[in-house]
Amino acid sequence: ERNATLLFMIPADSKDIKAEYKILLNELKKFNKELLDKKRLLAITKSDLLDEELMAEMKKELPKVPHIFISSATNYNIIQLKDKLWSMINED
């Protein structure tokens with residue numbers, strides 16, 4: 001509850017990323033609806049399973065929140081994720 005930014009992580013091989021995101025938002029609302037007012041970042045994990053073309057197609061279907069594709073297996077965009085979170089935390 002003390003965090004300035006919330007990181008949502010949903011795997012790239014999810015059947016419906018938008019639906020899973022909505023489920024997570026609903027869980028937050030049940031827990032403490034004030035958390036819905038915080039900044040959010042969506043990380044699509046397991047992105048090493050995707051090629052650039054598939055990522056571009058998936059972007060069209062993502063929720064309208066800041067997002068980043070990452071892979072812990074290959075370290076894809078991990079530093080960019082850290083930088084983005086740092087930037088969001090330190091925004092006024």
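Every heavy atom of this structure was used, including side-chain atoms; hydrogens, water molecules and symmetry mates were not. Because the structure is a prediction, the values reported are computed rather than measured.
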As an exercise, state the distance from [atom1] of [X] to [atom2] of [Y], rounded to the nearest 0.5 Å.
{"X": "Thr45", "Y": "Asn77", "atom1": "OG1", "atom2": "CG", "result": "12.5 Å"}
{"X": "Lys15", "Y": "Asp13", "atom1": "NZ", "atom2": "CG", "result": "9.0 Å"}
{"X": "Leu35", "Y": "Leu28", "atom1": "CG", "atom2": "CG", "result": "5.5 Å"}

So which heavy atom on [X] is nearest to which on [Y], and how close?
{"X": "Lys38", "Y": "Ala4", "result": "CB-O, 4.0 Å"}
{"X": "Ala12", "Y": "Met58", "result": "O-CE, 3.7 Å"}
{"X": "Glu20", "Y": "Pro11", "result": "OE1-CD, 4.5 Å"}
{"X": "Ile17", "Y": "Leu62", "result": "CG2-CD2, 3.8 Å"}

Can you hop from [X] to [Y] via hydrophobic side chains spaced under 4.5 Å?
{"X": "Ile70", "Y": "Leu85", "answer": "yes"}
{"X": "Phe8", "Y": "Ile23", "answer": "no"}
{"X": "Leu6", "Y": "Ile10", "answer": "yes"}
{"X": "Ile68", "Y": "Ile79", "answer": "no"}
{"X": "Ile89", "Y": "Val65", "answer": "no"}

Check your understanding: ring pair (Phe, Tyr, Trp, His ring centres under 6.0 Å) with Tyr76: which residues, sequence neighbours excluded?
Key ->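 Here no residue qualifies.
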Check your understanding: Going through the checks in order, is the side chain to side chain contact (heavy atoms under 4.5 Å, CB included) test met by Met55 and Ile44?
Key -> CA-CA 10 Å; Met55 280 187 219; Ile44 308 303; over 6 Å; no
Check your understanding: Do Tyr21 and His67 pass the side chain to side chain contact (heavy atoms under 4.5 Å, CB included) test, and can you show the C-alpha distance, the side-chain angles, and the key distance before you say yes or no?
Key -> CA-CA 12 Å; Tyr21 180 74; His67 61 273; over 6 Å; no
**Study point:** side chain to side chain contact (heavy atoms under 4.5 Å, CB included) between Lys30 and Glu27, worked out
**Key:** CA-CA 5 Å; Lys30 287 179 187 178; Glu27 291 296 319; 4.0 Å; yes
Practice item. Applying side-chain contact (heavy atoms from CB on, under 4.5 Å) between Arg40 and each of Leu7, Leu24, Leu25, Thr5, report the one that passes. Key: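 In the set Leu7, Leu24, Leu25, Thr5, the residue that makes a side-chain contact (heavy atoms from CB on, under 4.5 Å) with Arg40 is Leu25.
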Practice item. Using side chain to side chain contact (heavy atoms under 4.5 Å, CB included) as the criterion, list what pairs up with Ala19, not counting sequence neighbours. Key: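 With sequence neighbours excluded, Ala19 shows a side chain to side chain contact (heavy atoms under 4.5 Å, CB included) to Asp16, given in chain and number order.
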Review point. Heavy atoms, side chains only, cut-off 4.5 Å: are Leu81 and Leu41 in contact?
Key: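 Counting from C-beta outward, Leu81 and Leu41 do come under 4.5 Å.
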Practice item. Kindly indicate whether the side chain of Pro63, heavy atoms from C-beta on, has any atom under 4.5 Å from the side chain of Leu42. Key: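 When only atoms from C-beta onward are counted, Leu42 and Pro63 do touch, with a gap below 4.5 Å.
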Practice item. Could you tell me which residues satisfy salt bridge (Lys or Arg N to Asp or Glu O under 4.0 Å) with Glu57, sequence neighbours excluded, listed by chain and number? Key: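 Only Lys60 meet the salt bridge (Lys or Arg N to Asp or Glu O under 4.0 Å) criterion with Glu57.
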Practice item. With side chain to side chain contact (heavy atoms under 4.5 Å, CB included) as the test, would you mind laying out the steps for Phe69 and Leu54 before giving the verdict? Key: CA-CA 11 Å; Phe69 287 86; Leu54 190 50; over 6 Å; no
